[in-house]
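Heavy atoms only: backbone and side chains are in, while hydrogens, waters and symmetry mates are out. The chain is numbered in sequence order, starting from 1.
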Amino acid sequence: MPPSASPLSPHWVQPSHPELIELCLNRDPRTFESSVRSKITLPSGAVFAKLTFPPCTFATKKAYSTVQISRTTHIDLNSDLYYFNHSCNPSLELDVHPDRMEVRVARTRPEGLKVGDELSFFYPSTEWEMAQPFECKCNEKTCRGRIAGAKDMGYDGLAGLFINRFIEEMLREQEATSANYRR
C-alpha cells in the first residue's frame, strides 16, 4: 500500500480466507506495513483464489484500494486479498480477464508458492495509471523504482512479468501513437 494513502478499515469479516491467508496486520495508522502470507503450498501457475462477486464489487472510482479490471472499470476486493502488497518479483498474478477472474501463483516462480511466502503481485499488471504512485521498496534485483502504472513503464519496463490483456492493448496503442507522433 502506498505511503500517502490512508489505511482502509475493513468492512468485511476477517479473516476472509482463513484456509489460504495469514494476516500480518500493522495496527499503527502512521505506517503501511501490513501484509499477508500463504498458508498453503501450490505449484507455479496454480489458482490461489477466484475473484468472485460478491465479495468483489464494482468501484465508483479509481482508488489506491481498487483493482483495475478493464480500461474503465475498477473493483473493490472487499476481502483480505486487499492486503496483497506490490512486488517487482511477485508471488502471485491477478488475471482479471472476464473469463478467468483469478489469482494464480506467478508463473515466473519455478519453485511455486510455499507456506509462509508473502503474497504480492505486480501492481502495473492491472493498473494503467495508479491513483497514488509510490516508490517501490521491494528490494528485489529487478525493482522498477517508481510505480505509477503500466502507462509510464512501456514494454521494456514490464518485460518478463505477467500483465493483463487490456494493459497489453493499451501499451500497443500508446506505442503506435508515439510512433505516429515521431514521424
Side-chain angles (χ1 to χ4, degrees), residues 1-3 5 7-57 64-69 74-127 130 132 134-145 147 150 158-165 167:
M1 188 180 344
L8 176 74
S9 295
H11 54 276
W12 56 87
V13 175
Q14 287 187 298
S16 65
H17 295 77
E19 69 287 355
L20 299 176
I21 294 174
E22 176 188 352
L23 291 171
C24 305
L25 300 179
N26 180 345
R27 302 288 183 193
D28 184 342
R30 297 167 296 167
T31 64
F32 296 87
E33 297 171 1
S34 294
S35 64
V36 285
R37 299 204 171 271
S38 179
K39 284 186 162 183
I40 62 172
T41 298
L42 288 171
S44 178
V47 174
F48 179 81
K50 296 295 278 181
L51 299 174
T52 58
F53 293 80
C56 295
T57 56
Y64 78 90
S65 58
T66 62
V67 173
Q68 188 172 354
I69 63 167
H74 286 75
I75 61 170
D76 287 304
L77 297 172
N78 300 320
S79 72
D80 293 337
L81 302 182
Y82 157 80
Y83 293 105
F84 290 162
N85 283 322
H86 164 82
S87 177
C88 294
N89 185 20
S91 57
L92 301 171
E93 301 168 348
L94 269 66
D95 186 343
V96 297
H97 187 279
D99 293 340
R100 289 182 287 282
M101 293 298 287
E102 62 191 19
V103 180
R104 289 189 302 262
V105 177
R107 289 170 286 184
T108 55
R109 293 176 62 100
E111 73 280 12
L113 185 68
K114 307 288 185 236
V115 172
D117 286 353
E118 183 172 356
L119 300 173
S120 61
F121 77 102
F122 184 66
Y123 286 3
S125 71
T126 63
E127 304 300 319
M130 302 284 297
Q132 293 182 322
F134 61 96
E135 288 300 321
C136 182
K137 296 180 179 160
C138 71
N139 297 318
E140 296 288 343
K141 290 184 282 186
T142 57
C143 184
R144 268 80 171 171
I147 303 298
L158 300 167
L161 291 163
F162 169 81
I163 56 174
N164 280 277
R165 183 182 298 172
I167 296 286

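Note that the CD1 atom of Ile167 and the CG atom of Leu158 stand 8.5 Å from one another [nearest 0.5 Å]. To the nearest 0.5 Å, atom CG of residue Leu94 and atom CD of residue Gln68 are 12.5 Å apart. Summarising the geometry, atom OG belonging to Ser44 is positioned 8.0 Å from atom CZ belonging to Arg107; distances are rounded to the nearest 0.5 Å. Between Leu20 atom CG and Ser79 atom OG the span is 10.0 Å, to the nearest 0.5 Å.
Ser91 is listed as a side-chain neighbour of Arg109, based on a closest heavy-atom distance under 4.5 Å. By the 4.5 Å heavy-atom criterion applied to side chains, Thr66 and Ile75 are not counted as neighbours. Leu161 is listed as a side-chain neighbour of Pro90, based on a closest heavy-atom distance under 4.5 Å. Ser125 has its side chain out of reach of Glu93: every pair of non-hydrogen atoms, C-beta onward, lies at least 4.5 Å apart. You'll find the side chain of Ile40 reaches within 4.5 Å of the side chain of Phe48, heavy atoms only. Counting heavy atoms from C-beta outward, Ile69 and Met101 have side chains that approach closer than 4.5 Å. Proximity of Phe134 to Tyr123: side-chain heavy atoms (C-beta onward) are separated by under 4.5 Å at one or more points. Proximity of Pro43 to Val105: side-chain heavy atoms (C-beta onward) are nowhere separated by under 4.5 Å.
Separation of the Phe84 and Tyr82 ring centroids does not fall under the 6.0 Å cut-off. A ring-centre distance under 6.0 Å is found for Phe122 and His86.
Other residues, nucleotides and ligands contribute only 12 or fewer heavy atoms inside 6.0 Å of the CZ atom of Arg165. Applying the 6.0 Å contact sphere to NZ of Lys141 captures no more than 12 heavy atoms from other residues, nucleotides or ligands.
Closest heavy-atom contact between Arg37 and Cys24: CG-SG, 3.9 Å. Residues Ile147 and Cys88 approach most closely at CD1-SG, 4.4 Å, considering heavy atoms. Of all heavy-atom pairs spanning Asn164 and Val96, the tightest one is OD1-N, 2.8 Å.
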| task | List the steps and the verdict of side-chain hydrogen bond (donor to acceptor under 3.5 Å, both in side chains) for Asn78 and Thr57. | result | CA-CA 7 Å; Asn78 300 320; Thr57 56; 2.9 Å; yes
| request: Begin with the C-alpha distance, continue with both residues' side-chain angles, and end with the deciding distance and a verdict on side chain to side chain contact (heavy atoms under 4.5 Å, CB included) for Leu119 and Tyr83. | output: CA-CA 8 Å; Leu119 300 173; Tyr83 293 105; over 6 Å; no
| task | Please test Leu77 against Cys56 for side chain to side chain contact (heavy atoms under 4.5 Å, CB included), starting from the C-alpha separation and ending with a verdict. | result | CA-CA 5 Å; Leu77 297 172; Cys56 295; 4.1 Å; yes
| field | Derivation and outcome, side chain to side chain contact (heavy atoms under 4.5 Å, CB included), residues Thr41 and Leu113 | value | CA-CA 5 Å; Thr41 298; Leu113 185 68; over 6 Å; no
| task | Would you please test Phe162 and Asp95 for side chain to side chain contact (heavy atoms under 4.5 Å, CB included) and show each step? | result | CA-CA 9 Å; Phe162 169 81; Asp95 186 343; 3.9 Å; yes
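Side-chain atoms of Lys50 come within 3.5 Å of backbone atoms of Arg100 as a donor-acceptor pair (strictly under, hydrogens ignored). A donor-acceptor contact shorter than 3.5 Å links the side chain of Ser16 to the backbone of Asp80. Although no hydrogens or angles enter the test, the distance criterion places no donor-acceptor pair under 3.5 Å between the side chain of Ser35 and the main chain of Leu25.
Defined by atom type and a distance below 3.5 Å, a donor-acceptor pair is missing between the side-chain atoms of Thr142 and Asn89.
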